[in-house]
**Q** 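Let me begin by handing over the structure; questions about it come next.
Chain identifiers are assigned alphabetically (A, B, ...) following the order of the sequence lines, protein sequences preceding nucleic acid strands; residue numbering begins at 1 within each chain. For clarity, every value in this text was computed on a predicted model and none was experimentally measured.
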Protein chains: 2
Amino acid sequence: MSARNPDTKAEILRIGKQFIQFYGYNAFSYADIARELNMKNAAVHYHFRGKEDLLMALIDNYIETYQLLAKQLQHSKVSAIGKLEKFIEPYTMLCESDSICIIGSIASDYNTLPESVKVKISSLIELVMGMVEQTLAEGKKLGELHFSETARTQALLIMTNLAAGVQLARISGKKDYMSIRKALIKQLKG
Amino acid sequence: MSARNPDTKAEILRIGKQFIQFYGYNAFSYADIARELNMKNAAVHYHFRGKEDLLMALIDNYIETYQLLAKQLQHSKVSAIGKLEKFIEPYTMLCESDSICIIGSIASDYNTLPESVKVKISSLIELVMGMVEQTLAEGKKLGELHFSETARTQALLIMTNLAAGVQLARISGKKDYMSIRKALIKQLKG
DNA sequence: CAAAAAACTTACTTATTAGTAAGTAACTCT
DNA sequence: AGAGTTACTTACTAATAAGTAAGTTTTTTG
C-alpha cells in the first residue's frame with residue numbers, strides 16, 4: 001500500500017497541526033511543512049491537494065478523537081471533576097508549548113476560510129460542547145458539581161476561559177493560565 | 001500641514017483595524033488597504049513604513065483610548081456594574097460585525113510578530129487588566145459585586161470569556177455570546 | 001520478474017507580497 | 001510668485017505563495 005515512507009501523510013498532519021497552533025493557519029506555507037520533513041512542497045501537494053484539504057483532514061482527526069473521548073467518558077466511572085480535568089489537560093499542554101487550541105486558532109482566521117471548513121469546524125465545536133455539557137449536567141445531578149447557569153452556558157464559560165486562557169498566556173505568561181484553570185475547578189466544586 | 005487628504009493616515013488605521021479584527025493580521029496586505037481607500041499600496045507605505053509600524057500605531061491608539069477610559073472610570077460615580085457594562089459594550093459591537101477583539105486577534109498570530117509588537121501588546125493587556133481589576137475590587141469593597149477569587153483572577157476570567165466569546169460567536173452564533181455576557185453580569189451581581 | 005501503483009523530485013507557472021526609487025500634483029508659507 | 005513640503009502615483013524588484021505537469025525511484029502485487 002505504500003512506497004518509501006508509509007506515514008508521511010500522518011507526519012504532514014502532525015506538522016500542520018503544530019504550525020496552526022503555533023503560528024496560525026494563514027502564517028505558514030506548504031514549503032514550511034516540506035522543509036520540516038526534508039522534502040519538496042510538491043510532495044505535500046501529493047498527499048493533500050491544497051491547504052484547505054489539509055485543514056479538513058485535521059479537523060476530521062479531531063472529530064474522531066473527541067467522538068472516542070466522548071464514548072470513553074460516558075462509560076467511565078471517573079468523577080465528573082475527573083472527567084473535566086481530563087478535558088482540561090490538553091490545554092495545559094498547549095500552554096506549555098506556547099501554542100493555542102485549534103478551535104481558537106481557526107476562530108481567529110474564520111473569515112478567510114472556505115465554507116467547507118466553516119461547516120466542519122462548527123460540527124467539531126458542537127461535539128466538544130455537547131461532551132462538556134453532558135459531563136456538567138451529570139455532575140450536577142449527582143451533587144458533585146455546582147453552578148447556577150444552564151449546562152450549555154456553563155460549558156460555554158469553561159470553553160472560553162480555556163481557549164482564551166492559552167491565548168492570553170502567550171502574552172502575559174503561563175501563571176495567568178494556571179490561575180484560570182485553578183479557579184475554574186474550584187468554582188465547579190462549589 | 002497637509003495636501004490632498006489630511007486624514008488618510010487615520011483612514012488607513014481605521015481600515016487596518018477592521019481587517020485585523022475581521023480577517024486577522026496575517027490575512028490582509030497593504031494592497032487590500034489601498035484598494036479599500038482607492039489608492040496604491042505605495043501610498044500606504046508612505047504613511048506607515050511597514051505592516052509592523054501600522055500595527056504598532058494601532059496598539060498605541062488602543063493604549064491611549066484605554067488610558068482615557070481608565071481615568072474616566074476612576075472619577076466616575078457610575079456603579080461598578082455600570083462600569084463593567086461600559087467595558088463589555090465594545091465586545092458586543094464586535095460580535096455584531098462578525099469581528100473579534102484586537103487582543104484575541106494578535107494573541108492568535110503572536111508567534112509571527114516582531115519583538116516590538118509583543119512588548120507593546122503586553123503593556124496594553126496590563127493596562128486593560130488593571131482597569132478591570134480595579135473596578136472589580138472597588139465594586140466588591142462597596143458590596144456591589146460578589147466573587148471569591150482575587151480581583152486579578154476574576155478579571156482574567158471575564159477577559160477570557162469575552163475574548164473567546166466573540167471568537168466562538170463567529171462559528172456557533174451570536175446567541176452563545178449573549179449567553180456568556182448575561183451569565184457574566186449575573187454572576188458578578190449575585 | 002514485470003507491470004502497476006505509490007511516493008516522491010524537478011522544474012516550472014501564475015499570483016501575491018512587502019517594499020522602494022523616482023517622478024508628479026497640490027497645497028502652504030514666505 | 002517661487003520654494004519647499006506633503007501626499008501621493010508609476011513602475012518597478014525580489015521573495016514567497018499555491019499549485020501543476022512530467023519524470024524518477026521505490027515498493028507492492030499478480
Side-chain angles (χ1 to χ4, degrees), chain A residues 1-20 22-59 105-106 108-109 111-118, chain B residues 1-20 22-59 105-106 108-109 111-118:
Chain A
M1 253 266 266
S2 65
R4 234 180 291 204
N5 187 351
D7 41 41
T8 297
K9 199 159 187 164
E11 285 290 282
I12 293 172
L13 281 170
R14 210 193 86 238
I15 301 295
K17 179 179 157 185
Q18 262 182 32
F19 280 172
I20 289 174
F22 194 78
Y23 297 114
Y25 180 72
N26 287 313
F28 75 93
S29 71
Y30 265 30
D32 294 324
I33 293 180
R35 201 175 306 116
E36 196 79 13
L37 297 173
N38 291 312
M39 33 170 57
K40 305 294 161 180
N41 65 329
V44 184
H45 280 285
Y46 171 76
H47 290 285
F48 299 98
R49 255 177 169 277
K51 229 173 153 184
E52 174 186 340
D53 305 80
L54 174 58
L55 184 53
M56 289 287 275
L58 240 176
I59 302 173
S105 183
I106 292 179
S108 297
D109 290 334
N111 290 325
T112 71
L113 300 173
E115 198 57 30
S116 54
V117 175
K118 289 185 180 181
Chain B
M1 254 265 266
S2 67
R4 231 177 296 201
N5 189 350
D7 41 42
T8 297
K9 199 158 187 166
E11 285 290 282
I12 293 172
L13 279 170
R14 209 193 86 236
I15 301 295
K17 178 178 157 186
Q18 260 181 33
F19 280 171
I20 289 174
F22 194 78
Y23 297 115
Y25 181 72
N26 288 312
F28 75 93
S29 69
Y30 265 31
D32 294 324
I33 292 180
R35 200 178 305 116
E36 196 78 13
L37 297 173
N38 290 313
M39 33 171 58
K40 305 295 160 180
N41 65 329
V44 184
H45 280 285
Y46 171 77
H47 290 284
F48 299 98
R49 254 176 169 280
K51 229 176 154 183
E52 173 185 339
D53 306 80
L54 175 57
L55 184 53
M56 290 287 275
L58 239 175
I59 301 173
S105 182
I106 292 178
S108 297
D109 290 334
N111 289 324
T112 71
L113 300 173
E115 199 57 30
S116 54
V117 175
K118 289 185 180 181

**Q** Nearest to the side chain of A/His45, heavy atoms from C-beta on, is which of D/dA11, C/dT10, D/dG19?
**A**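 Per side-chain heavy atoms of A/His45, the pick is D/dG19.
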**Q** In whole angstrom, give the distance that lies between atom CD of B/Glu52 and atom P of C/dT17.
**A**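 B/Glu52 atom CD is separated from C/dT17 atom P by 19 Å.
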**Q** Take the protein atom CZ of B/Phe48 and the nucleotide atom C1' of C/dA18, then report the distance between them rounded to whole Å.
**A**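 Atom-to-atom, B/Phe48 to C/dA18, this comes out as 16 Å.
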**Q** Strictly below 4.0 Å: does B/His47 bring a side-chain N or O up to OP1 or OP2 of D/dC8?
**A**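 Yes.
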**Q** Would you please confirm or rule out a distance under 4.0 Å between OP1 or OP2 of D/dT16 and any side-chain N or O of A/Ser29?
**A**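 Checking A/Ser29 against D/dT16: no side-chain N or O falls below 4.0 Å of OP1 or OP2.
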**Q** Look at the side chain of A/Ala43 and decide which nucleotide, out of D/dT9, C/dC8, C/dT20, has an atom nearest to it.
**A**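 Nearest listed nucleotide: C/dC8.
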**Q** May I ask you to check whether B/Asp32 and B/Ser29 show a side-chain donor-acceptor distance below 3.5 Å?
**A**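 Checked: B/Asp32/B/Ser29 side chains pair up, N/O donor to acceptor below 3.5 Å.
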**Q** What's the closest nucleotide to the side chain of A/Lys40 if the choices are C/dT17, C/dT20, C/dT9?
**A**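 Shortest atom-to-atom distance from the side chain points to C/dT9.
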**Q** Please state how far atom NZ in B/Lys51 lies from atom P in D/dA15, giving the value in whole angstrom units.
**A**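 So the NZ-P distance, B/Lys51 to D/dA15, works out to 19 Å.
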**Q** Tell me whether the side-chain N/O atoms of A/Tyr46 come closer than 4.0 Å to OP1 or OP2 in C/dC8.
**A**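 No, A/Tyr46 has no side-chain N/O under 4.0 Å of OP1/OP2 on C/dC8.
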**Q** Could you give the CD1-to-C1' distance, from A/Ile33 to D/dA18, as a whole number of Å?
**A**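 After rounding, the gap between these two atoms is 12 Å.
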**Q** Among the candidates D/dC8, D/dG19, C/dA21, find the nucleotide nearest to the side-chain atoms of A/Asn41.
**A**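 The closest nucleotide is D/dG19.
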**Q** Over how many whole Å does the gap from A/Leu37 atom CG to C/dC8 atom C1' extend?
**A**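 The distance from CG of A/Leu37 to C1' of C/dC8 comes to 13 Å, rounded to the nearest Å.
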**Q** By the 4.0 Å heavy-atom rule, please label A/Phe28 as base, sugar-phosphate, or nothing.
**A**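 Counting heavy atoms under 4.0 Å across all strands, the contact made by A/Phe28 is with sugar-phosphate only.
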**Q** Whether B/Lys51 engages the ring of B/Phe28 as a cation-pi pair (distance to the six-membered ring centre under 6.0 angstrom, angle to the ring normal within 45°) should be assessed.
**A**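 Pair B/Lys51/B/Phe28 counts as cation-pi.
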**Q** So do the side chains of A/Thr8 and A/Met39 get within less than 4.5 Å of each other, counting heavy atoms only?
**A**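 A side-chain contact under 4.5 Å exists here.
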**Q** Measure the distance from CG on A/Asp53 to C1' on D/dG19 and round it to the nearest whole Å.
**A**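 Nearest whole value for this atom pair: 12 Å.
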**Q** Given atom CZ of B/Arg35 and atom P of D/dT9, what is their separation to the nearest angstrom?
**A**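 From B/Arg35 CZ to D/dT9 P: 14 Å.
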**Q** Flag the pair B/Leu113 / B/Leu55 as yes when at least one side-chain heavy-atom distance between them is below 4.5 Å, and no otherwise.
**A**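 Yes, side chains in contact.
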**Q** Please determine, for the side chain of A/Thr8, which listed nucleotide (D/dT6, C/dT10, C/dC8) has the closest atom?
**A**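 Nearest to the side-chain atoms of A/Thr8, counting from C-beta on, is C/dC8.
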**Q** May I have the distance from A/Asn26 (atom CG) to D/dA18 (atom C1'), rounded to whole angstrom?
**A**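 About 13 Å, once rounded to whole Å.
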**Q** Whether B/Tyr30 contacts C/dA18 is assessed here as follows: a side-chain N or O lying under 4.0 Å from the phosphate OP1 or OP2. Is that the case?
**A**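 So the side chain of B/Tyr30 is outside the cut-off, no N or O lying under 4.0 Å from OP1 or OP2 of C/dA18.
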**Q** Taking side chain to side chain donor-acceptor pair (under 3.5 Å) as the test, write out the residues that go with A/Glu11, two or more places apart.
**A**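 Listed in chain order: A/Arg14.
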